[in-house]
There are 2 protein chains.
Amino acid sequence: MTTGRPRPTSRDVARAAGVSQAAVSLVLGGKWHGRVSAAKAEAVRGAARELGYRPNLAARSLRLGRTRTALLVVPALTNEFFARLHAGAARIAAEHGFGVVLYPSPEGTGPAPDPFGSAGAALDGVIASSMASEALAALRPGGRLPLVMLDSDPERTQAAATVNLDIADGTRQVAAHLLGLGHRRVAHIAAAVDSWTFEVRAGTLAGALRAAGCPPPVTVPSALGVAEGARAAAEALAADPRPTALVCDDDVLAAGACKAVRRLGLRVPQDVSVTGFDDLALACAVEPELTTVRLPAEEAGAAGMRALLRVLDGPAAGTAGGREADVTTLPVELAVRGSTAPAPGSPAAPGGR
Amino acid sequence: MTTGRPRPTSRDVARAAGVSQAAVSLVLGGKWHGRVSAAKAEAVRGAARELGYRPNLAARSLRLGRTRTALLVVPALTNEFFARLHAGAARIAAEHGFGVVLYPSPEGTGPAPDPFGSAGAALDGVIASSMASEALAALRPGGRLPLVMLDSDPERTQAAATVNLDIADGTRQVAAHLLGLGHRRVAHIAAAVDSWTFEVRAGTLAGALRAAGCPPPVTVPSALGVAEGARAAAEALAADPRPTALVCDDDVLAAGACKAVRRLGLRVPQDVSVTGFDDLALACAVEPELTTVRLPAEEAGAAGMRALLRVLDGPAAGTAGGREADVTTLPVELAVRGSTAPAPGSPAAPGGR
DNA sequence: CTGAAAGCGCTAACAC
DNA sequence: GTGTTAGCGCTTTCAG
C-alpha cells in the first residue's frame, strides 16, 4: 500500500501550474472559455495529470448542495431482475455524470439499517423498485428527497414519477395463451410477498379466468424459492379436479412447480402446463424451457433514472400545483416455450405434444 | 413532493435549543459527557427531532476526511454469488457504521466508466472480487485507497489483504468424487473468463486427473451462459472416446451441459455425470439437481469487509515494513446431488446403461 | 482575462 | 462546563 503523501488538492495543482486555485476549478470544470487563457488552461491540465489530482467529492457536494448520486432501493439482490434494473439505471446515470448506489432493502422483519445513517453518500434522489410505499418512509427523511417508484402502485404513492411494467397485460397474455390451449382449471402459485406487482398478477389472472367462464383459480401462496414453489405446487395439484395449468408468479416458483409435477409422475407440459414470470436465465436453464413473461428490466431502470433526472432538472416540477401523474408503462412480452401445451383432453390437444 | 423549506442545519438546531452549534455536534456525536449539561443535551435532542435534523454527510466527510463508505467491485451483478457477497459485506459494514457501494464492472470491452468520476461517493476503501489485478489499476487513483481482494491471486496483487475461497480444494473434491465413481475420461467446460479463480479450477483439475493416472481432460472454453455451456458441452461430448463426466466451471454452464447431454439422447447422470460450481439456486432448480461446490459467498463478503476495516483501523498496517501477507482462505464444501453417478461400465456401476 | 475571498455544514481544538 | 473559532477542498462571485 502506498499510503505516502496526502492527496493533492486543487491548491497543489494551482501552485504547480502557477495559477490561482480558482483557475484550476474553472479549467477542470470545463467552463473557462473567455476566462482563462489557453496556455494556462493547458498548464493546469498538465499539472493535474502530473499530480494525479482528483477533485474531492465531499467538498464539491458540500459546495454544490448536490451529489449527483441516486439511491436505487430494491427488495433483494438475489434476483437477476434487479441486477438488470440496476444496469439500466446506471447506464443512463453515467451518461449524465450521475452515480447509482444500490440499497438492497433487508427483506422481512429485521430492523432496516438506515442507509443515510451510514452510507456516507448524500443523495439527490431515490428510485425504489417493487417496494411497498410505506417501507420507504424511513428512507426519505422529511420527505425531502425526490422519489421515483418502479413497478409499484401508481395510486398509493407520493412519488414524483412512476415507471411501471405492464404486469396486468403480461398476466392477461399468459391467461389468453393458456385459455387458447384449452385450459380451464388453472392454479395460481402466488408469491407470498406483499407488493403491488404480485397483487396485480393475482387480480388480473382471476379476472381473466372469470371473464372466460372458468372456475376461480386455486391459489397457493409461496415464499420465493425453488423448494417452496415445489411445495406449493404439490398442494395445488392435490386439488380435485386437478388443475391442468400452473400459473406461477415468477420463474423460480415455476421451476419448483415443474419439479413438483414430475414428482407426482406427471409430465410438463403434456399433463400439466406451467408458466413463469420475469424470463430470468433460469427460464432457459430448466427443461422444458419455461413459457414466461419477458420483463424489460433494463429499460425500466433506464426509464426510472430518466424520470428522476427530469424531476431533478425541472425545478418547478416538484412544487408545481396540479401536478400531473407522471406514469410510464413499459410493454411486456410473452415468451412461449416448452412448458405449456394444449390441455389434456381438450379439443385443441393432439395425441401428445 | 415536499420541496418546501431547506434542510435544517446544526445551526438551526442550536438556535432552537438555545445552545451553541458545537454543543449540537457534541451531543449528537455522543461525546458530550463532561462537556455539556444533561439538560441542554436533552434540549438539543428534542430540537433535532423536532426539526427533523439530519447531519449533512458531505460536510462531515469533508471535515473528517473519511466517508465510512467502501466500494465493492464485482465483475457482474447478474450472478447470485455476488449478490450474496454483497449481503455479507454490507452486514459487517452496517455493524460498523459503514456503507457499501456496489460497482459492477462493465464486463467485456466497453470503456469502463470511472466510478470515481461519477459515483458521487468518496471512498475509504475498495473490495474487489474475482477481478484481474490489472483491471483494478484504473479503480485506484494513485493507488491511495486501501484495497482488499476477494477470490483473487494472492501473489500478483498490491492488496492489503486477500480473502480467498478454497477453490483448489473444491476442485479436488470434485475430482475425487468423480474418480471415486470410476470416471476416468473427464471433460472440462471452462469459463472463458480471464481470472484467477478459473485458472485455479483448470490447473487443479488437470493435476488431480494426472495424479490419478487419467488422460488429460478435454477442455472446451465457453462464455458464461446456459446456451453457451450447452454448445461447449456438445463439442466436448463429440470427442472419441466420449467423456463420462463433464466438470463445469459454474452452475450455469452445468445447466447448459445437462441440456446438451440430453439433446444427444443420453441421460444425466446414468450416461454422463455433470458437476457445477457455486451452488446457486439454479443448482436445485434443474433436474437432476446439480452436484456442485458450495461457496460461502456471504462469509467471504463479510471477511473481506472485516479485513478492510482492520486495514482502515490499524494506521500502521499500511506503512509498516515487513508487511505480512494477510491472506484468509475459506473452506468450501462439495454438495453431492443427483447429477453424478458411477461411470457407465465401471466396477462401481450398477446395471446402468 | 485573472486573483482574492466568501462560505457550504460540520468537528475539534482552544479559549473563556 | 460552555462558547468561539478555524478550517476541511471546492465553486463562484466580485474586484482588479
Side-chain angles (χ1 to χ4, degrees), chain A residues 5-44 47-48 51-68 97 116-117 120-124 141 144, chain B residues 5-44 47-48 51-68 97 116-117 120-124 141 144:
Chain A
R5 64 212 174 289
R7 224 180 129 126
T9 74
S10 65
R11 258 172 64 164
D12 298 326
V13 176
R15 209 160 13 227
V19 301
S20 77
Q21 186 213 25
V24 174
S25 178
L26 256 9
V27 172
L28 266 28
K31 39 188 105 172
W32 54 281
H33 299 286
R35 314 264 292 115
V36 180
S37 69
K40 291 207 169 182
E42 197 41 57
V44 166
L51 297 173
Y53 169 71
R54 298 238 139 210
N56 179 319
L57 270 347
R60 173 179 291 172
S61 296
L62 178 56
R63 182 65 238 252
L64 262 25
R66 295 168 299 109
T67 56
R68 303 193 81 74
F116 290 83
L123 304 170
D124 283 351
R144 243 172 244 103
Chain B
R5 64 212 174 290
R7 220 179 134 128
T9 74
S10 64
R11 255 170 68 164
D12 298 326
V13 176
R15 207 156 20 222
V19 301
S20 76
Q21 186 213 25
V24 175
S25 177
L26 255 10
V27 171
L28 266 28
K31 39 188 102 171
W32 54 283
H33 298 289
R35 314 264 292 113
V36 179
S37 71
K40 292 208 169 185
E42 197 41 57
V44 167
L51 297 172
Y53 169 71
R54 298 232 138 214
N56 179 318
L57 270 348
R60 172 180 290 171
S61 295
L62 177 57
R63 183 64 238 248
L64 262 23
R66 294 168 301 107
T67 56
R68 303 192 81 73
F116 291 84
L123 270 10
D124 282 351
R144 243 170 245 105

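Here is the naming used below: chain letters follow the sequence lines, and residue numbers restart at 1 for every chain.
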> For A/Ala48 and A/Val13, which heavy atoms make the closest approach, and how far apart are they?
Replying inline: N-CG1, 3.9 Å

> Looking at residues at least two apart in the chain, or sitting in another chain, which of them share a side chain to side chain contact (heavy atoms under 4.5 Å, CB included) with B/Arg15?
Replying inline: B/Asp12

>> Looking at every non-hydrogen atom in both residues, tell me the closest pair between B/Tyr53 and B/Thr9 and how far apart they are.
In response: CE1-C, 3.5 Å

>> For the OG atom of A/Ser10 and the CG atom of A/Leu26, what is their distance to the nearest 0.5 Å?
In response: 11.5 Å

>> I need a per-nucleotide contact map over nucleotides 9-16 of chain C, read 5' to 3'. Cutoff is protein heavy atoms under 4.0 Å; write B for the base, S for backbone only, - otherwise.
In response: BBBB-B--

> How would you list, by chain and number, every residue that makes a side chain to side chain contact (heavy atoms under 4.5 Å, CB included) with B/Ser25, sequence neighbours excluded?
Replying inline: none

> Using the C1' atoms of the five pairs at each end, what is the angle between the end axes of the helix from C/dC1-D/dG16 to C/dC16-D/dG1, to 10°?
Replying inline: 60°

> Atom CZ of A/Arg15 and atom C1' of D/dG9: how far apart are they, to the nearest Å?
Replying inline: 13 Å

>> Base, sugar-phosphate or nothing for A/Ser37? Non-hydrogen atoms, less than 4.0 Å.
In response: sugar-phosphate

>> Among residues at least two apart in sequence or on other chains, which ones pass side-chain hydrogen bond (donor to acceptor under 3.5 Å, both in side chains) with B/Asp124?
In response: B/Thr67

> Expressed in angstrom and rounded to an integer, what is the separation of A/Trp32 atom CH2 from D/dT13 atom P?
Replying inline: 20 Å

>> My understanding is that only residues two or more places apart in sequence, or in another chain, count here; which of them pass side chain to side chain contact (heavy atoms under 4.5 Å, CB included) with B/Ala14?
In response: B/Val19, B/Gln21, B/Val24

>> Could you measure the distance from the CZ atom of A/Arg35 to the NZ atom of A/Lys40? Nearest 0.5 Å is fine.
In response: 13.5 Å

